[in-house]
Amino acid sequence: FHIAECFAMAGEVDRALDLLEQSVRDGFYPTHFIEHHCPFMEPLKGSPRFAAAVAASRERCESFPRSE
């Protein structure tokens, strides 16, 4: 994820999105942080791939088992 941030800030949007998608697939999915608080993700926010990665992250968060 942090490497994705670096690529995003360097303007390498496709590479950043590749790494963001991989991060979410591999288990890093703090949706609210990715979507709202990470300033390094700003260059990606207009991309449909970013929206899809956020949606996948949200889905994984919502399906994570919670203790009662």
Side-chain angles (χ1 to χ4, degrees):
F1 177 79
H2 295 298
I3 303 298
E5 293 173 321
C6 295
F7 277 105
M9 293 306 295
E12 296 288 335
V13 173
D14 287 331
R15 184 67 176 129
L17 288 164
D18 290 343
L19 291 168
L20 175 60
E21 292 163 346
Q22 179 183 346
S23 296
V24 170
R25 272 193 316 271
D26 290 348
F28 185 81
Y29 44 90
T31 307
H32 197 74
F33 175 75
I34 293 169
E35 187 174 21
H36 299 290
H37 296 292
C38 182
F40 305 115
M41 294 287 112
E42 285 299 320
L44 311 181
K45 288 189 175 179
S47 169
R49 286 179 64 196
F50 179 79
V54 168
S57 174
R58 183 175 292 108
E59 183 178 309
R60 292 196 73 176
C61 272
E62 291 172 354
S63 68
F64 194 81
R66 298 188 190 330
S67 60
E68 305 267 337

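Along the sequence shown, residues carry numbers from 1. All values below come from the heavy atoms of this structure, side chains included, with hydrogens, waters and symmetry mates left out.
Cluster membership check: Phe28 shares its hydrophobic cluster with Val24, using side-chain heavy-atom separations under 4.5 Å among Ile, Leu, Val, Met, Phe, Trp and Tyr. Under a hydrophobic clustering in which Ile, Leu, Val, Met, Phe, Trp and Tyr are joined whenever their side-chain heavy atoms come within less than 4.5 Å, directly or via other members, Val54 and Met41 fall into the same cluster.
Taking the side chain as every heavy atom from C-beta outward, Phe50 and Leu17 approach each other to under 4.5 Å. Taking 4.5 Å as the limit, some side-chain heavy atom of Arg49 sits within range of a side-chain heavy atom of Asp14. Leu20 is listed as a side-chain neighbour of Ile34, based on a closest heavy-atom distance under 4.5 Å. Here the side chains of Asp18 and Phe7 are not in contact, with every heavy-atom distance at 4.5 Å or above.
Here the straight-line distance linking atom CD1 of Ile3 with atom CD of Glu12 works out to 13.5 Å at 0.5 Å rounding. If you take NE2 on His2 and CG on Leu19, they are separated by 12.5 Å, rounding to the nearest 0.5 Å. Here the straight-line distance linking atom CD of Glu5 with atom OG of Ser23 works out to 9.0 Å at 0.5 Å rounding.
Using modelled atom types, one side-chain atom of Ser63 and one backbone atom of Glu59 make a donor-acceptor pair closer than 3.5 Å. Arg58 places no side-chain N or O within donor-acceptor distance of the main-chain N or O of Thr31, the cut-off being under 3.5 Å.
Ionic pairing of Lys45 and Glu35 is not present here: no N-O contact between side-chain nitrogen and carboxylate oxygen is shorter than 4.0 angstrom.
Nearest heavy-atom pair, Ala8 versus Ala16, reported as atom, atom and distance to 0.1 Å: N-CB, 3.5 Å. When all heavy atoms of Ala53 and Glu21 are compared, the pair lying nearest together is CB-CG, 4.3 Å.
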inquiry  = Between Phe1 and Tyr29, is the side-chain contact (heavy atoms from CB on, under 4.5 Å) condition met? List the steps.
reply    = CA-CA 10 Å; Phe1 177 79; Tyr29 44 90; over 6 Å; no
